[in-house]
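Atoms within each ligand, like the ligands themselves, are counted from 1 in listed order. Everything numeric in this text was worked out from a predicted model, so none of it was measured.
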Amino acid sequence: MKAEELEQLQIERLNPLEIEKSLEQRSLVFIPLGAIEWHGLHLPIGLDGLTSHGICLRVAHEIGGLVMPPLYYGMSASIWHHPYTILIEEEAVFIKILKTTLTRLEASGVQKVVIFTGHFALKQLQALDELKQEWTTIGKSLELHLFSIADCPKVGIEADHGAIFETSVLGELHPNLVKLENLPSKDLFPANDIDGNSKGDHRRDRDNVLFGILGDDPRNYNKETAATIFQQIIQWLVRSV
Ligand SMILES: [Zn+2]
């Protein structure tokens, strides 16, 4: 698939005639969600939106539909105090943006919307669940579906924060943005996870070799495993949407 083919699925790049032509084929719009947060020295702060956007574009390429630009403002998570982390604290602010988007897409005749979040902080997932509930009473014709990258079954690796899972997913979409060389050598500075707990408080210590990374050591990144994880996510969404 060519980059231009995916660009044609980005709704912000299209004029009304192009949008109508596409939605006539399938009246479906994806809203990818992300966050701006520290993901370790090896990953960009906008990882969650980069991955959700890239995944939505590939799913739309398979099954039809268009993709909204990613919302990079996500709701607060436990790492909110780490550098370059800019999250929304107030649920009402976050939800308002989405509700307005849904209302306007509905008014434009869109029949189905899929919110796909690459950022899965508990607070955000709860807020999205509430929105979905509320939409069943306030929505008129637009059907709303909700998926989190953390819910993909059979991936074999639990979704994490800046660790092997997120590094793998981004590596499939934007290999040039994964800079494992920014992390110290694994042989000289192995992860110091007590009892194999890779999500413990020690990772919140500024001096930890994997500071701000919650999950298994990303330095074990493997291209083949990454490709499998990525394909499973795409196939899961293609089946489920
Ligand atoms: Zn993330």
- Task: Using a cut-off of strictly less than 2.8 Å, determine whether E37 has an N/O/S atom near the Zn ion (ligand 1).
- Result: no

Residues pairing under salt bridge (charged side-chain N to carboxylate O under 4.0 Å, His left out) where one sits in residues 169-197, two or more places apart or in two chains, turn out to be E172-K223, D193-R203

Looking at R204 and D201, is there a salt bridge between them, counting it only when a charged N and a carboxylate O are closer than 4.0 Å? yes

Residues pairing under salt bridge (charged side-chain N to carboxylate O under 4.0 Å, His left out) where one sits in residues 96-110, two or more places apart or in two chains, turn out to be K99-E134

Checking distances from the Zn ion (ligand 1), one finds that the N, O or S atom of D48 closest to it is OD1

Between L87 and F120, is there shared hydrophobic-cluster membership here, with clusters defined by ILVMFWY side-chain heavy atoms closer than 4.5 Å? no

- Query: Taking 2.8 Å as the cut-off, does an N/O/S atom of H39 lie below it from the Zn ion (ligand 1)?
  - Reply: yes

